Amino acid sequence: MDKSSQEFQESRRPPEKKAARSITRDLTIGLVLVVVAVSVAAMVFNYVFLLHRSDKELEKEAGDYLYYLAKSLELPLWNLDETAVGKIADAYASNDLIARLRVVEETGRVLYSRDEPEDEDLLVESRSIIREGRAIGFVEVGLTRRPSREQNRRVLLSSLGTLLVIVLALVGMSRLLLKSYVKRPITALLWGIERIGRGDYDHALGDTDKRELRTIMERFRHMVGQVRDREESLSEINRRLEEEIERHRNVEKKSLENEQRVHMLLETANEGFFELDSSALVRDVNPEMCHIFGRSKEEVLGKSLFDFVDGENANLLLKEMEWINQGEKSSFEVAFRRPDNSEVDCLVKSAPLFDIRGVAGSFAMVSDITERKLAEEKIRRLNAQLEHRVVERTRQLQQANSALQESLGTLRRAQVQLVQSEKMAALGDLVAGVAHEINTPVGIGVTAASFLEERTADLARKFREKSVRESDLEKYLATAGEATTTILTNLKRASGLIKSFKQVAVDQSTEERRRFFLRKYIDEILLSLRPKYKRTGHTISVNCPEDLEIDSYPGALSQIVTNLVMNSLIHGFEGIEKGQIRLDVSVYRDNLMIRYMDSGKGMDRETLKNLFVPFFTTKRAQGGTGLGMHIVYNLVTQKLGGKIAAASTPGNGTVFSILIPMQQGGGAS
C-alpha cells in the first residue's frame, strides 16, 4: 500500500473516544454547584447587609447617648462641677456598648475620660454641649462593634450548617429522581436500540410520559424506518446490479455475434473496404476491394496504398492521409490503377482508428463511381447546352425584376407615409391631452381673477361713497392675497405643463439629438399621456436614476415609450380595471437597458411571433393600423442601433427588454 493510501485510511479512522461520564453525576454536580453558588451569594449578601444594619443601629444608639448625655452634662459643665460630671459620665460608661467616653471643656481641658485600648473596632461620635446659645464644651462617645459582629458570625455559621444539610438532601433527592426519571428510561431505550441494532426492527421501545424522551424515541423510530427502507433500497440496487451484470454478459455475447455478422457483411458487401496502418500499409481488404484493385487478396495485403495509384492521385492521397493521421475523417475521390493500366474512379470515405497511443491507422469504404463519372460528363455537356437558355431567361427576369423594383419603391413610400401618419396621430392625441390638462389650472385662475375683480369693484364703490372701513380694507387685502396666490400657482402649473408638453411635442416632430436627463424626460412623457389613463385604475411606476444623463434622440425615446404605454392601455388592459405598468432603466456594460413590464392579459404564441410585423394587428375592426410596434422596432434597431425582445404568455402580462449601446444610441455621463 502506498503512502497516499495509508493517509486516506488513517483519515477515515474514527476519532478516539473520550472517557464517558454519567449524566446523573453531571446533573447532580451541576445542580449542587448552582444551589451552593446561589446560597453562598445570598449568605454573603445577607452578612454584608447585617453588618451595614448593625452600623446603622450603632449610629442611632450613639446619637441617642450623645443627646441625653449632652442634656445631662449641660448644667454641671456650666457650673464647672467636675464631681457631678464624673458621676453622670460613670453612669453612662457602665453600659457594655460604650468603650470610650470623653467630656471636654470649651477651653480644651478634659473633665472626664474613659477608654478601653484593647477594643479597636469602635464607632466614635461627638456632640457639642450648648448653653444659652453657645458651646461650653463637647462630649465624645465610642461604641464597640464586637457584640454585633459576634451575633452576625453566629448567624453566618447557622446559615452554613443549613446550607450543608440542604446540599446533602439535594444530592440524595437529585440522584434518586434522576435515576428514576432519566437513567431507567435511557437504559430501557439503550436496550431497545441494541435489539434493533441486531436486526430486530419490530422491537417495541416502550413508551414514556416524558416529552424529551418521547421525542428521542419517536426520532429513533423514524431513523429505524429509514434504515429499513435503505436496506430494502440496497437490496433492490443489488438485484438491479445483478440484472445489469447479466445484461452486460448478454451484450458481450451479442457483440461477438455482431462482430461475426459484420465480418460476414464485409465479405459479401457490394462496397469495397480496406484497413490501413499509420504508414498506409494494407492490413485487410474485402473481396469487393480486391475486385476494384484487380488483384487477389494475397497480392494486396502488406502493400502500400500508394502502389495502386499514379503520380497525380498519389499527391492527393498523401494530403488526405496526413489529414486522417491528425484524427479527422475524410472523404475524397481517387482513381486506382489496375494491372492492365485501366483506372477505376472511386469515392473513398475514411475514418481514423485509435489505440492508447493515438491514431493507429484508418478504415475506409470505397465505392466504384466510374459510371457516375460518365453520367456527370453527360450532364456537363447538357449544362453547356442550357447556358444559352439561362442567359436568355436571365434577360427576361431582369426586365420583370425592374418592374418589381418600381412596385416595391411605391410600396415603401406608402409605408413611410403610413408611419408618418401614425406619428402625426400620436402628436394629435398629445395636443388633445395638453388642452385637457391645461384647462383645469387655467379655469381655476380665471375663476380666482373674476372673484378678485368682483371684490375690487365692491371696494371701489365703497371708496367712491366714502364708506370704506378699516375692516373692509383688511378683508379685501386678505381676499386679494389669496386670489393672487391661487392665480399665480395655477398659472405656474399651466406654464410647467405647457413647457413639458412643448418639449415632448417638439421631440416627436423632429429628429434632433441632444443631451437630457432620462428620468425627468420620461416623467414629462408620462405627464403628456396622463389624460389617457388618469380616469382608470391603471398605475405607472418608473425606476430610473435621477442623475442619468444621456446624449441621444429624445423624439425616438418619446415615441417608444408612448407606443408601449398605448399598446398596454389598448390591448394589454382590455377587460382589466386595475393594471400595473413598470419601467426599469439601468446601465449595464456600456449599454442602456430599458425593461418595460405590464400586468395585462398577455399574448398567445402566434400574436407574439408577429408582434413587430408591419400592419399586423388584432384590432383591425376597431381601426388598428398594426404599425405601432413596428415603429418601436425600427426606432430601437435602426435609429438607436439597439435590440428589442418581447416575452409574454396568456394571462401573465408582457415584458419588453430594450438594449441600446451608449456610443450609438446615447452616451451616459
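As the structure is a computational prediction, the values presented were derived from the model and not from experiment.
When all heavy atoms of Leu640 and Ala556 are compared, the closest pair comes out as CD2-CB, 4.3 Å. Closest approach of Gly555 to Tyr521, counting heavy atoms only: N-OH, 4.2 Å. Closest approach of Gly642 to Pro661, counting heavy atoms only: CA-CD, 3.7 Å. Taking both residues in full, the closest heavy atoms of Phe612 and Ala646 are given as CZ-CB, 4.4 Å, listed atom of the first, atom of the second, then distance. Between Leu564 and Tyr596, the closest heavy-atom pair is O-OH, 3.1 Å.
Between the Thr637 side chain and the Tyr633 main chain, a donor and an acceptor come within less than 3.5 Å of each other. Formation of a donor-acceptor pair under 3.5 Å by the Asn591 side chain with backbone atoms of Arg589 is found in this model.
In this structure, the separation between NZ on Lys578 and CD1 on Ile576 is 13.0 Å, given to the nearest 0.5 Å. In this structure, Asn250 CG and Arg247 CZ are separated by 9.0 Å, a value rounded to the nearest 0.5 Å. Going from atom CD1 of Ile644 over to atom CG of Leu611 covers 8.0 Å, rounded to the nearest 0.5 Å. With rounding to the nearest 0.5 angstrom, the CG atom of Asn610 is 13.0 Å from the CZ atom of Arg605. One finds the CG atom of Leu659 at 12.0 Å from the CZ atom of Arg595 (value rounded to the nearest 0.5 Å). Within the model, atoms CG of Leu592 and OG of Ser552 stand 8.0 Å from one another, a figure rounded to the nearest 0.5 Å.
Taking the charged nitrogens against the carboxylate oxygens, Arg249 and Glu252 have no contact shorter than 4.0 Å, which rules out a salt bridge. Comment: Lys520 does not engage Glu546 in a salt bridge, judged by the lack of any side-chain N to carboxylate O separation of less than 4.0 angstrom. Under the 4.0 Å criterion applied to side-chain N and carboxylate O atoms, Asp551 and Arg514 are not assigned as salt-bridge partners. Contact check on Glu322 versus Lys319 returns no salt bridge, with no Lys/Arg side-chain nitrogen under 4.0 Å from an Asp/Glu carboxylate oxygen. Salt bridge present: Glu376 and Arg372 bring a charged side-chain N and a carboxylate O closer than 4.0 Å. Under 4.0 Å is where a charged nitrogen must lie from a carboxylate oxygen, and between Glu243 and Arg240 no such pair does.
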Would you tabulate the side-chain donor-acceptor contacts of residues 358-369 under 3.5 Å, counting partners in other chains and residues two or more places apart, or write 'none'?
{"from": "Ser367", "atom 1": "OG", "to": "Glu271", "atom 2": "OE1", "distance (Å)": "2.5"}
{"from": "Asp368", "atom 1": "OD1", "to": "Thr370", "atom 2": "N", "distance (Å)": "3.1"}
{"from": "Asp368", "atom 1": "OD1", "to": "Thr370", "atom 2": "OG1", "distance (Å)": "2.8"}

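Taking 4.5 Å as the limit, some side-chain heavy atom of Ile525 sits within range of a side-chain heavy atom of Thr562. Looking at Asn567 and Met629, their side chains come closer than 4.5 Å, going by heavy atoms from C-beta outward. Here the side chains of Ile658 and Ile560 are in contact, with some heavy-atom distance below 4.5 Å. The shortest distance between side-chain heavy atoms of Gln580 and His538 does not fall below 4.5 Å. In this structure, the side chains of Met597 and Asp584 come closer than 4.5 Å at one or more pairs of heavy atoms. The shortest side-chain heavy-atom distance between Leu583 and Ile522 falls under the 4.5 Å cut-off. In this structure the side chain of Pro545 never reaches within 4.5 angstrom of the side chain of Arg519, judged on heavy atoms. Counting heavy atoms from C-beta on, the side chains of Asn325 and Trp323 never come closer than 4.5 Å.
Counting non-hydrogen atoms of neighbouring residues, nucleotides and ligands closer than 6.0 angstrom, the CD atom of Glu246 exceeds 12 such neighbours. For Arg239, the CZ atom is densely surrounded, since the number of other residues' heavy atoms within 6.0 Å is greater than 12. Counted within 6.0 Å of CD on Glu371, heavy atoms from surrounding residues, nucleotides or ligands total 12 or fewer; the atom is thus considered open.
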**Asked** Stepwise, does the side chain to side chain contact (heavy atoms under 4.5 Å, CB included) test hold for Asn238 with Glu242?
**Response** CA-CA 6 Å; Asn238 188 41; Glu242 291 177 352; 3.8 Å; yes
**Request:** Apply side chain to side chain contact (heavy atoms under 4.5 Å, CB included) to Phe573 and Ile581, showing your working.
**Result:** CA-CA 10 Å; Phe573 295 152; Ile581 296 175; 3.6 Å; yes
**Request:** Check the pair Lys349, Lys329 against side chain to side chain contact (heavy atoms under 4.5 Å, CB included), reporting the backbone distance first and the verdict last.
**Result:** CA-CA 8 Å; Lys349 295 181 179 180; Lys329 295 181 180 180; over 6 Å; no
**Item:** Derivation of the side chain to side chain contact (heavy atoms under 4.5 Å, CB included) call for Val585 and Leu548
**Value:** CA-CA 9 Å; Val585 182; Leu548 180 57; 3.9 Å; yes
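Defined by atom type and a distance below 3.5 Å, a donor-acceptor pair is missing between the side-chain atoms of Gln559 and Asn563.
Residues satisfying the ring pair (Phe, Tyr, Trp, His ring centres under 6.0 Å) criterion with Phe354, sequence neighbours excluded, are absent altogether. Looking at residues two or more places apart in sequence or on another chain, you find no ring pair (Phe, Tyr, Trp, His ring centres under 6.0 Å) involving Phe656.
Cation-pi geometry between Lys639 and Tyr553 is satisfied (NZ or CZ under 6.0 Å from the ring centre, within 45° of the ring normal).
The residue from Thr654, Asp598, Asp604 that alone fulfils the side-chain hydrogen bond (donor to acceptor under 3.5 Å, both in side chains) condition with Ser648 is Thr654.
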